[in-house]
J.: 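Here you go, one structure.
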Amino acid sequence: MELLRDRILADQLTRTKRRGDNPVVNAQSLKGSSHITSHQLRMGMLTRDRLASLEFRTLDSSLLFGYVKQMNYPESELKDAEEFLSSQPVTFGQTGHCDPCWDELFELGIDGLIHKNTDLKNKSRGEAADTYQSFIYALEGLSVMVETAGAGDDLCLKIAHAPPETFHEAIQLVWFVMLGIMIGDKVGLVGPGRLDVRLNRFYQRDLLRGEISSEGALKLIEDLYYLINDFERPGLAYGVMVGGCDAYGNDLTNDLSYLCLEALRRTNLVYPTVGICWHSNTPDDLTSLAVELISRGYTTPAFFNDQVIQEGLVKYGVPREEAWDYINSACVEITPCGSSNIWVASPYFSLCGILMEKLENQQDFTGYEDFINSYFELLKDKIALAVEKQNEMRESRRLYGGKPLQSVFTRDCMYSGKDIDDGGARYNWVECSFVGLANLVDSLKIIKELVFEERELSISSLIEVLDNDFAGNEQLRQKILHKYPKYGVNDSSVDSEIIRIMEFITAECAKYKMKPDNSHFVPGTFCWIMHQRLGEECGATPDGRKAGFPFADGAGPAQGREKLGPTAAINSVTSWNHSAMIGGSAFNMKFNKEIFNTPGAVEKLKHLVLAFLRKGGFETQINVVDNSVLKQALKTPDEYSDLVVRIGGYTDYFTRMSPQMQQEVILRTDYNSI
């Protein structure tokens, strides 16, 4: 297994795209179906052809099948294919980011789903009949793909048609469906989801029959993790979630919850993250295992607040009996399992970019209240424009999209006779994200104090200082950075402002409805890598941040500003209500690894995490690494190729990140005590 890990790591670090995308097959399929008038039928044929054309490798010591072989074509053939594809209609908007619905697959198998869709097609007419036929084409392609990947293996021959009966069969089928949707429908980040809940009945049955051991199940979970890493390039996120409670408050933790975490220890690659859905009755030993892994430098475990998230989902109309069944569909954005056509991070808003636009208008303001209300008006306009754009993209997807295989595994597409791109899913929200929250709050504090109360600066003189990136004004910048309280030090004069901002954002997003079914426009505060990208685009800001420097990530304080330690930072971050932030909200913490050589340190870290969750925090993730190690990795990257760090909700290999992101991680507050 160690050899398998090393082989996958070496390949992943040099790969710039995922495996399996094939423009030649795409072009051939679309040309071959050009005489067919139904767009939906053509999409079903395209999914089928993509899957039927796949070729696979077999890796020694792997217990699972499904390692995709990247096909190579002559340059001229690729060029012709890409030229043809460039003439086809283009769709926009989010893809994937989901956990498929496994219930009917595990009950009926692929052939059973084909028969079910055939019956539904025979009872339908027109577009609905074409849609069901597209689903059938997609399932036929999936069946062929499974047989091809198994190369005659009995297990694969079985699950290519019949429902799984064992844990081994079920977890293998999970991978094939993930892979089939991602390649067949050309979508991203279809995750394994709630593995402990989905697969527990297979695991328990095999245990009773003596057909599996916990070690055997662990190796299969490790293999699933390896398959994900072999398929996808670094820089994204795949989520597994464990634990949580059902609609009646019963804890869902089982043996597989622990194995999903333990598999992280053995694989220690960027994918997947394992989120613990923590609630007041989560077993202490599950919490302890996750914290112990974190304290040893494993960045992929994270803690999600099950109560806060379920409360938020219910607010957005998810029935209580369904609200437990969610997944972080990539970084920390939340989507209901098996029923989502939810677009995440659509779009990102640069809160400080909007602030600078307001300042540069150089209006006359009667006071701070006039200024902040004027800022809110501009932010309101930006949100309205974003909603309009997202709805335009939804319409383009309805006309020119089509994801027949994802539709089969998304409630309620089969029963409505509609593709997921045509509004067939049960939930069709759009989740946006607001980036640079801490920088905005700290900037507003400076504007309030220096411009409107102390009158040390006018708006025009502040703009001049910022346009020059504080050149010749370093003394002023140091005053800004050190004299005034910042978000993250548990100061009510700052934290009260963030409450006001978040209440405005929540209320404003709630005003809008999204196509196709008047779904919600849902806010979040996570950033992936967008705090770097949007920071690069923005000049200096009033909080003392220099031009081009990354914004603060997620819901946490800006880099280096948690002067009073992690408890004060937690108090600031939990000063506002997180339950509406179903679009995702991440709080990063970073600790010096040396701390955990002292007695009781791991237990203290656990209590710190629990304090954050009990106070209403949405999600927290932790880096435990010395800055000296990070700096040495910059000098000798080959020696630290598998050094993994947590960024804005996802993990990445430190040595392959951009120089700006590397510096951003180094400059985060490095707590030296708990």
Side-chain angles (χ1 to χ4, degrees), residues 40 43-44 46-48 50-51 66 94-121 131-146 159-164 169-195 197-199 224 228 231 238-241 322 325-327 329-330 335-343 397 401-428:
Q40 187 66 40
M43 292 302 99
L46 178 59
T47 296
R48 178 196 61 192
R50 284 169 173 162
L51 297 181
Q94 190 73 61
T95 66
H97 287 76
C98 66
D99 172 30
C101 176
W102 305 102
D103 297 345
E104 289 184 289
L105 176 69
F106 287 167
E107 178 187 349
L108 302 174
I110 295 175
D111 281 1
L113 286 174
I114 291 174
H115 293 149
K116 184 165 191 169
N117 279 278
T118 301
D119 289 341
L120 290 167
K121 174 195 159 188
T131 299
Y132 286 122
Q133 183 60 55
S134 75
F135 294 173
I136 294 166
Y137 285 147
L139 287 164
E140 289 172 346
L142 178 64
S143 181
V144 171
M145 184 198 82
V146 174
I159 63 173
H161 303 280
E169 291 170 356
I171 198 169
Q172 177 69 81
L173 191 55
V174 163
W175 171 245
F176 281 143
V177 170
M178 289 170 55
L179 183 66
I181 294 172
M182 287 189 286
I183 293 181
D185 288 342
K186 203 173 182 181
V187 304
L189 306 183
V190 177
R194 306 292 289 256
L195 280 178
V197 175
R198 306 285 179 246
L199 300 186
L224 177 63
I228 296 170
F231 172 71
Y238 286 79
V240 170
M241 275 190 157
E322 292 181 30
D325 198 10
Y326 60 85
I327 185 68
S329 63
T335 57
C337 291
S339 52
S340 296
N341 178 32
I342 291 177
W343 293 8
R397 186 68 64 76
K403 296 179 176 58
L405 192 58
Q406 186 180 355
S407 300
V408 170
F409 296 104
T410 305
R411 307 181 192 95
D412 298 303
C413 292
M414 275 200 296
Y415 294 97
S416 66
K418 289 186 175 184
D419 188 277
I420 191 172
D421 279 343
D422 192 27
R426 186 174 297 180
Y427 302 109
N428 293 285

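Values below: all heavy atoms of this structure, side chains included; hydrogens, waters and symmetry mates excluded. None of the values given here were measured: they were computed from a predicted structure.
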J.: Taking C-beta and beyond as the side chain, do Asn117 and Tyr137 meet within less than 4.5 Å on heavy atoms?
T.: no

J.: Quick check: do Val174 and Phe106 have side-chain heavy atoms less than 4.5 Å from each other?
T.: yes

J.: Please find the pair of heavy atoms, one from Ile181 and one from Pro100, that lie closest to each other, and give the distance.
T.: CD1-CG, 3.9 Å

J.: For a quick test of reading the model, state the closest non-hydrogen atom pair linking Ser340 to Ala425 and the distance between them.
T.: C-CB, 4.2 Å

J.: What's the separation between atom OG1 in Thr95 and atom CG in Asp185, rounded to the nearest 0.5 Å?
T.: 9.5 Å

J.: Any donor and acceptor pair, going by atom type alone, linking the side chain of Arg50 with main-chain N or O of Gly184 inside 3.5 Å?
T.: yes

J.: Would you check if Ser329 and Ile342 make a side-chain contact, meaning some heavy-atom pair closer than 4.5 Å?
T.: no

J.: I'd like to check Gln172 versus Ile159 (side-chain heavy atoms, cut-off strictly below 4.5 Å). Are they in contact?
T.: yes

J.: So how far is it from Gln94 CD to Leu189 CG, rounded to the nearest 0.5 Å?
T.: 8.0 Å

J.: I'd like to check Leu224 versus Pro192 (side-chain heavy atoms, cut-off strictly below 4.5 Å). Are they in contact?
T.: yes

J.: Please report the shortest heavy-atom distance between Pro404 and Thr47, naming the atom on each side.
T.: CG-OG1, 3.5 Å

J.: Less than 4.5 Å apart, any side-chain heavy atom of Asp422 and any of Ser407?
T.: no

J.: State, yes or no, whether a side-chain contact exists between Leu51 and Val144 at a heavy-atom distance under 4.5 Å.
T.: no

J.: If we ignore hydrogens and angles and just use 3.5 Å, is the side chain of Ser143 paired with the main-chain N or O of Ala160 as donor and acceptor?
T.: yes

J.: Could you tell me whether the side chain of Leu142 reaches within less than 4.5 Å of the side chain of Phe409, counting heavy atoms only?
T.: yes

J.: Relative to each other, are the rings of Phe231 and Trp175 parallel, tilted or perpendicular (30° and 60° limits)?
T.: perpendicular

J.: Donor-acceptor pair, distance only, cut-off 3.5 Å: does the side chain of Arg411 make one with the backbone of Tyr427?
T.: no

J.: Measure the CD-SG distance between Gln406 and Cys413 for me, rounded to the nearest 0.5 Å.
T.: 8.0 Å

J.: What is the minimum heavy-atom distance between Arg198 and Cys337, and which atoms define it?
T.: NH2-CB, 3.4 Å

J.: Whether Arg397 and Asp419 form a salt bridge (side-chain N of Lys/Arg under 4.0 Å from carboxylate O of Asp/Glu) is what I want to check.
T.: no

J.: For the side chain of Tyr132 and the backbone of Met414, is there at least one donor-acceptor N/O pair under 3.5 Å apart?
T.: yes

J.: Start with the C-alpha gap between Gln40 and Thr131, add the side-chain angles, then the distance that decides, and say whether side-chain hydrogen bond (donor to acceptor under 3.5 Å, both in side chains) holds.
T.: CA-CA 6 Å; Gln40 187 66 40; Thr131 299; 4.6 Å; no

J.: Return the set of residues passing salt bridge (charged side-chain N to carboxylate O under 4.0 Å, His left out) with Arg426 (not counting sequence neighbours), or none when no residue passes.
T.: Glu322, Asp412

J.: To the nearest 0.5 Å, how far apart are CD1 in Ile420 and CG in Asn428?
T.: 7.5 Å

J.: Looking at Tyr326, is Arg194 sitting on its ring face, NZ or CZ under 6.0 Å from the six-membered ring centre and within 45 degrees of the normal?
T.: yes

J.: Please round to the nearest 0.5 Å and tell me the distance separating atom CG of Asp99 and atom CE of Met241.
T.: 10.5 Å

J.: Step by step, would you call Val177 with Trp102 a side chain to side chain contact (heavy atoms under 4.5 Å, CB included)?
T.: CA-CA 9 Å; Val177 170; Trp102 305 102; 3.5 Å; yes

J.: Roughly how far, to the nearest 0.5 Å, is CG of Leu113 from CD of Glu107?
T.: 9.5 Å

